[in-house]
Amino acid sequence: MEKFDIVVIGAGPGGYPAAIHAAQLGKKVAIVEKEKFGGTCLNWGCIPTKALIATAEKFAEISHAAEYGIKVDKVSFDYAKVVSRKDEVVAKLNSGVGALLKGNGVTAYSGTASLISRNVVEISGKEKVKIEADKIILATGSESFIPGFIPKSPSIIESKAFLAMTKLPKSMIVLGGGVIGCELACMAAMFGVEVTVVEMLEDILMILDKDVRSAIRSNMEKMEIKVLTGAAMTDISATTKTVKGKVGETEVKAEKMLVSIGRRPYTTGVKLENAGIELDELGYVPVDEFCRTKASNIFCVGDANGGPQLAHAATAQAVRVVDNICKKERKAMEVLIPACIFTAPEVGVVGLTEQDAKEQGINVKVGKFSCAGLGKAMASGETEGFVKWISDPDTDQLLGAVAVGAHATDLIAEAAVAIRNELTVDEIGNTVHAHPTFAESWMEAAHSVHNLCVHSVVRRKR
Amino acid sequence: MAQIVLMPKLGQTVEESTIVKWHKAVGDSVKKGDVLFEIETDKAVLECESFYDGTLLKILVAEEETVPVQSVVAYIGEPGEKIPDAPAAPAAKPEPKKKAAAAPAPVEQKKSAPAVEVAKPAPVAAPAVSSVPSRSDSATAKKPGRLFISPRAKALVKNKVVKAENISGSGPNGRIVEKDVLAYLEQTGYNDLRIAPAAKRLAADKDIDILDVTGTGDNGRIMVRDVETTIAEQPQTMSKMRQIIASRLAQSFGHIPHFYVTTSIDMTDLLEYRKELKAKDMNLSVTTFILEAVVMSLEESPIVNSSTDGVSVRWHSNVDLGVAVSLENGLVVPVVKKAQTLTIEELQTQMKDLSEKARTGRLMPDQMSGSTFTVSNMGMFDVENFSAIINPGEGGILAVSSTLQQPVVKDGEIKIRSMMKITLSADHRTVDGAKGAEFVKAIKSKLEDVELWKSLI
Ligand SMILES: Cc1cc2nc3c(=O)[nH]c(=O)nc-3n(C[C@H](O)[C@H](O)[C@H](O)COP(=O)(O)OP(=O)(O)OC[C@H]3O[C@@H](n4cnc5c(N)ncnc54)[C@H](O)[C@@H]3O)c2cc1C
């Protein structure tokens, strides 16, 4: 039986960086993947969705070219081509990951891994292989699923199947107004699909503050997406051509329905019980702040441990776990994880939100700056949205931030640096930001925390 | 005319009390029977009611302040009514009106009597703060001796969030000048510190010396959580109750030569008998049996029920049995008076009533003082054995541990029995070793003798 220092199970954004990083630190490493290198993120998640969304945005932009004085005759698209470009991007990145693993000396096994004991992993691929591991890092991720109350039909699909379609439907219901649902709803609407989003909760994207949600929702409605919230979809029925149902009193009907009401961890087949690890009631692997499981030599990173369900969170955990193993450190996982939502407009959010603060009874001071007040935004014709700081009124510490509007997903990086390093509102306000840029809005919003924003009218309390 | 509200005197042993909370603010209208404030004595927290209708005109004793009983704490009267400048002293030393069962209300007096005294320089000049430090000052706060420091040095110290007290000055009179601060920062390694801005702000706000903080961020950077840890580790004045517990325990353990006798008691038969009784709807707790056995044994060994100051010995004719009841923030010891006169059922009823009152903070001070012997029961905590510290004024205390299944040699065979350990702590000045042993033996033989209980019940 071949013996490795570290065996990683799953090659998503949790697994493959763990393997490469450990190999770079001089360990003998194996990685086991049952499908494709890159996991959900690269093959059926972040990357393919963003490839489609980027194309949709380009299409929308070109359709509005006349506003900038650009003349374009008859804009149209070939969705099959759009999809094949996406597939090329995925394939390229996919082989890139394979090359990185190989180049760094990681032994890759293809097959499904399960645990025989705390130290022995069995791989069922073309043949059965057993390998021995000193340490095991589980990075088995999660998969989307369609709950049992929804009828099985080719017209009802989840995100993975949606991404594989080479033809867009005329109309589509999106069941679930979370991140994935709203992103794909916006993308489809930009390509002219008649979209209806159905969300049981009182609003879509409930993780965001109300002002951010309404900025997105009103734009979605402007794009003629029907957004139905506050009621569950009932009486769902489907044929090969249509899906029907009721939302409260409203009848909804479309050619296809995308179900995006959650994912489940991919942990059942891994036989963790053979290492004495029990799953929680939702199937996640319970871990502590160091991503350690109950078995002291087994770690779990990424979606499978029930953390933030974001690719970069998986990667950050993976690298930290490997550092802790190889450098004999004992550093807890980072808790400040920014999240990006690629809707129209897009959103970046990090740290405390206003609604969190309210719920936890934390007193906060907020400063907002609207993109409409930015020279660069005007120049680019992208004046929608705003940025917002959430701060501690006593110490001026920055606790949270959100950006909604053009480039928001890139803008949020500055806020993450500031919050993680416990900067104060003043320090961001005093940091000179280049002009004209979208990033200036952070500086302006910092000024407005103290009601001292040059580029907005401050109403003084008498 | 404005009425005086006094700090009530609760029982014989309470000399001072702390106001922990005012339920009314100055200007609030007050009705007779309204709760005015809460006080904390060394024994309990109690609510004090008003005896007057009117408006709360002035508060003389703020929250967290401790004053002797009978001090004036407030005035109640008509809005706008004139009140004396200095707090009036109580005319006489009236006994508090006992209000059975109800929470004690403050004792107040008609203004007529002390009216003369008001004019005098008040003898109880400003509610005299007692020797117990108020909670706001830290237990280790330095005496604010005069510090000579130049303005530039002061500004630098403030900017760096360090304490000037720790810097030695090189100027005249030991005046601290800027270069002293700079040298200090260099010496202490301050200049190598990495400090998150928000952490520095927080430390400045909370008056924490940055040099007292250990950084745990990247490369030892001082983060907000590190300052929070330092804040949490600052010494805090304990509650009045805790301080009293501390001083009494230290006094007892320092003065009374303790000695300990432990024995194991086979509770198996008694537990069996208790089940039988339960089936007959007679529900006696194990604790009740233990207490009753203690009471009977104390009568047989009166020296354990005595007390000494080292010169004289006092024999107590009654068994006033203290039973320790643990609370979230400390411990109280309600006392069953004349326990030897009670039937076993009366003992249980009284004990139940007292512990309920103890848990809800409704014990009267007299219900928690004057015990002659104490039992501390930790049976519910799964402990094998422990020893307790004698309450000052008593000759002994009995520590009762958990009843555990144990292999025991009985009739030449190993059997599984329910065993309970008790440990007597006794004052060796009066209780000799043999007497102590006799006493625990007496308890043991009673608890192991089911026939005895059958004859009693
Ligand atoms: C449509 C969609 C869009 C998304 N968009 C974003 C986004 O924009 N930004 C973002 O941060 N996140 C996004 N996510 C979430 C992101 O994809 C996940 O958080 C991330 O992939 C989790 O990484 P992981 O390594 O934990 O698991 P995964 O990426 O799920 O990888 C797990 C891998 O393990 C393999 N595996 C599982 N079990 C075994 C086994 N027993 N043996 C061998 N191999 C096994 C799987 O085949 C898989 O390849 C999106 C997700 C979806 C579905």
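Below, each value reflects all heavy atoms present in this structure, side chains not excepted, and no hydrogens, waters or symmetry copies. Since we're looking at a predicted model, the values are computed, not measured.
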Just wondering, are more than 12 heavy atoms of other shown residues or ligands nearer than 6.0 Å to [atom1] in [X]?
X: B:Lys154; atom1: NZ; answer: no
X: B:Ile416; atom1: CD1; answer: no
X: A:Glu329; atom1: CD; answer: yes
X: B:Lys206; atom1: NZ; answer: no
X: B:Arg194; atom1: CZ; answer: yes

Next item on the list: Look at B:Ala199, B:Ala196, B:Pro197 and state which one has the largest set of heavy-atom pairs under 4.5 Å with chain A.
Entry: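 Of the options given, most contacts go to B:Pro197.
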Are the side chains of [X] and [Y] in touch, meaning some heavy atoms are under 4.5 Å apart?
X: B:Asp218; Y: A:Arg420; result: yes
X: A:Asn421; Y: B:Arg221; result: yes
X: B:Arg201; Y: A:Thr424; result: yes

Checklist line | Non-hydrogen atoms of A:Glu422 and B:Ile222 that approach each other most closely | finding: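 Closest approach of A:Glu422 to B:Ile222: OE1-O, 4.5 Å.
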Margin query: Could you report the tightest heavy-atom contact between A:Thr395 and B:Asp205, atom names first, then the distance?
Written below: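 Taking A:Thr395 first and B:Asp205 second, the nearest heavy atoms are CG2-OD2, 4.1 Å.
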Item checked: Portion of A:Asp392 that has a non-hydrogen atom of chain B nearer than 4.5 angstrom ->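 Neither; nothing under 4.5 Å.
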